[in-house]
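Below: one structure, written as structure tokens.
As the structure lists them, so they are numbered: ligands from 1, and atoms in each ligand from 1.
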Amino acid sequence: MTQEGTNPVLTGHEVRELQLLIEQRSGIVFDESRERFLTSRVVEHMQHKQLQYGVELLRMVRHSNAEYDTMLERLLTQETRFLRYPGLFTAFERNVLPDLAARKFWDRQQKLRIWSAGCASGEEPYSIAMAVSDAFGAPPRMTAEIMATDISREALERAIRGVYSHRVLENLTERQVSIYFDKHGAEYSVHAMLREMVQFAPMNLAEPVYLGRFDCIFCMNVLIYFGAELRSQLIQRFHACLEPGGYLFLGHAESVVGVPVKFNQIILHGARLLQKPLEPLMGGE
Ligand SMILES: C[S@@+](CC[C@H](N)C(=O)[O-])C[C@H]1O[C@@H](n2cnc3c(N)ncnc32)[C@H](O)[C@@H]1O
């Protein structure tokens with residue numbers, strides 16, 4: 001317990017122990033550039049928990065998953081926006097979705113499966129739902145099941161609530177705001193039409209779980225927080241669960257370079273898309 005007016009004591013050794021624990025359990029690496037952020041957030045957390053010494057915190061988070069999760073919540077970066085990369089969402093709506101729909105038509109399937117891995121507070125999966133709805137019209141010629149997962153339960157609660165301030169809607173057109181949101185005072189609530197397409201679930205990407213096959217996987221601005229080995233394993237997992245011809249969307253600073261899987265790179269509307277090659281036709285070369 002902290003004594004009145006004293007600052008928590010956290011040694012360099014304890015910081016390294018925490019770094020190790022977080023990387024083992026959640027895959028997140030706090031390298032030198034993020035060590036100060038880690039230390040200041042952990043000290044804040046110790047103040048909040050009224051802990052005087054780092055060793056008390058280490059004992060607590062090692063023995064209780066709930067305590068570990070509460071500490072981790074303070075350390076996650078959850079910056080996000082609707083249509084975060086506008087060019088990428090244009091390519092998704094105008095090129096990717098019609099391409100997938102044409103293939104599904106011949107397979108007589110009417111539903112696309114899309115995964116938003118690391119969906120934060122919901123802006124990304126709702127943007128995907130909006131693009132699907134804009135691409136397929138009303139009533140839709142095709143629908144999508146969007147699985148949206150994140151390690152943060154607090155972010156998922158905000159996502160499920162689906163209420164946003166005007167500031168985070170800045171990339172949307174007036175038409176999109178008026179169709180896809182209900183205005184309540186200064187806040188905007190996501191319309192049921194989009195909510196019905198998205199299913200939220202907690203998931204730690206450092207623990208492999210099989211979710212089935214997907215037509216598209218969005219994992220944007222998540223891999224940058226992981227070490228090289230987990231990054232490579234995840235890209236291989238994404239490749240394995242994408243349908244042939246399916247698409248992977250990564251953030252601007254992320255790539256599949258050096259990972260032993262084949263993706264075709266396509267540049268459209270200034271955005272980089274990664275497509276899993278289609279299976280060769282039977283009897284073809
Ligand atoms: C910067 S946000 C990116 C949000 C969104 N994809 C975007 O690009 O706007 C990173 C998200 O990854 C989540 N995250 C970090 N580590 C994770 C893990 N091991 N498993 C699942 N999600 C994780 C964080 O909670 C956070 O919501």
* Asked: Considering the options Glu67, Glu56, Glu17, which one meets the salt bridge (charged side-chain N to carboxylate O under 4.0 Å, His left out) requirement together with Arg62?
  ->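 Option passing the salt bridge (charged side-chain N to carboxylate O under 4.0 Å, His left out) with Arg62: Glu17.
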
Donor-acceptor side-chain pairing of [X] and [Y] below 3.5 angstrom:
| X | Y | result |
| --- | --- | --- |
| Asp31 | Ser33 | yes |
| Ser121 | Tyr164 | no |
| Glu44 | Ser40 | no |

Does an N or O anywhere in [X] fall below 3.5 Å from an N or O of ligand 1?
| X | result |
| --- | --- |
| Leu76 | no |
| Gly118 | yes |
| Asn221 | yes |
| Glu124 | yes |
| Arg84 | yes |
| Thr77 | no |
| Phe226 | no |

* Asked: Applying a strict 4.0 Å limit to heavy atoms, is Ser26 in contact with ligand 1?
  ->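 Yes, Ser26 has heavy atoms under 4.0 Å from ligand 1.
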
* To do: Determine, stepwise, if the pair Asp182 / His191 fulfils side-chain contact (heavy atoms from CB on, under 4.5 Å).
  => CA-CA 6 Å; Asp182 297 315; His191 197 279; 3.7 Å; yes

* To do: Considering only non-hydrogen protein atoms, determine which one is nearest to atom 23 (C) of ligand 1 and report residue, atom name and distance to 0.1 Å.
  =>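 Heavy-atom neighbour on the protein nearest atom 23 (C) of ligand 1: Ile151 CG2, 3.5 Å.
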
Suppose I only count heavy atoms of [X] and a 4.0 Å limit; which atoms of ligand 1 are within that range?
| X | answer |
| --- | --- |
| Leu205 | 18 (C), 19 (N), 20 (N), 21 (C) |
| Met220 | 3 (C), 5 (C), 6 (N), 7 (C), 8 (O) |
| Val222 | 12 (O) |
| Asn204 | 18 (C), 19 (N), 20 (N) |
| Met203 | 20 (N), 21 (C) |

* Relative to ligand 1, is Thr149 under 4.0 angstrom through side chain, backbone, both or neither, heavy atoms considered? ->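 Neither part.
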
* Just let me know how Ala120 lines up against ligand 1, side chain, backbone, both or neither, with a heavy-atom cut-off below 4.0 Å. =>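 Near ligand 1, Ala120 shows its backbone as well as its side chain.
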
* To do: For residues Phe82 and Tyr188, establish whether the separation of their ring centroids is below 6.0 Å.
  =>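 Centroid distance Phe82-Tyr188: not below 6.0 Å, so no.
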
* Compare Thr80, Asp150, Ile28 and give the one whose heavy atom is closest to atom 11 (C) of ligand 1. =>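 Nearest heavy atom to atom 11 (C) of ligand 1 lies in Asp150.
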
* Check each of Phe200, Phe218, Tyr180, Phe181 against Tyr126 using the ring-ring contact (aromatic ring centres under 6.0 Å, His included) test, and report the only one that passes. =>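 For Tyr126, the ring-ring contact (aromatic ring centres under 6.0 Å, His included) check succeeds only for Phe200.
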
* To do: Evaluate the side-chain proximity of Leu76 to Ile28: yes if any heavy-atom separation is below 4.5 Å, no if none is.
  =>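 In short, these two side chains touch, coming nearer than 4.5 Å.
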
* Asked: Would you call Lys276 and Leu248 a side-chain contact if the rule is heavy atoms closer than 4.5 Å?
  ->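 Side-chain contact under 4.5 Å: no.
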
* Report yes or no: is the cationic atom of Arg113 (NZ for Lys, CZ for Arg) closer than 6.0 Å to the six-membered ring centre of Phe214, at no more than 45° off its axis? =>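 Flagged: Arg113 positioned over aromatic ring of Phe214.
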
* Should Lys104 and Asp215 count as an ion pair when the cut-off is N to O under 4.0 Å? ->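 Result for this pair is yes, salt bridge flagged.
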
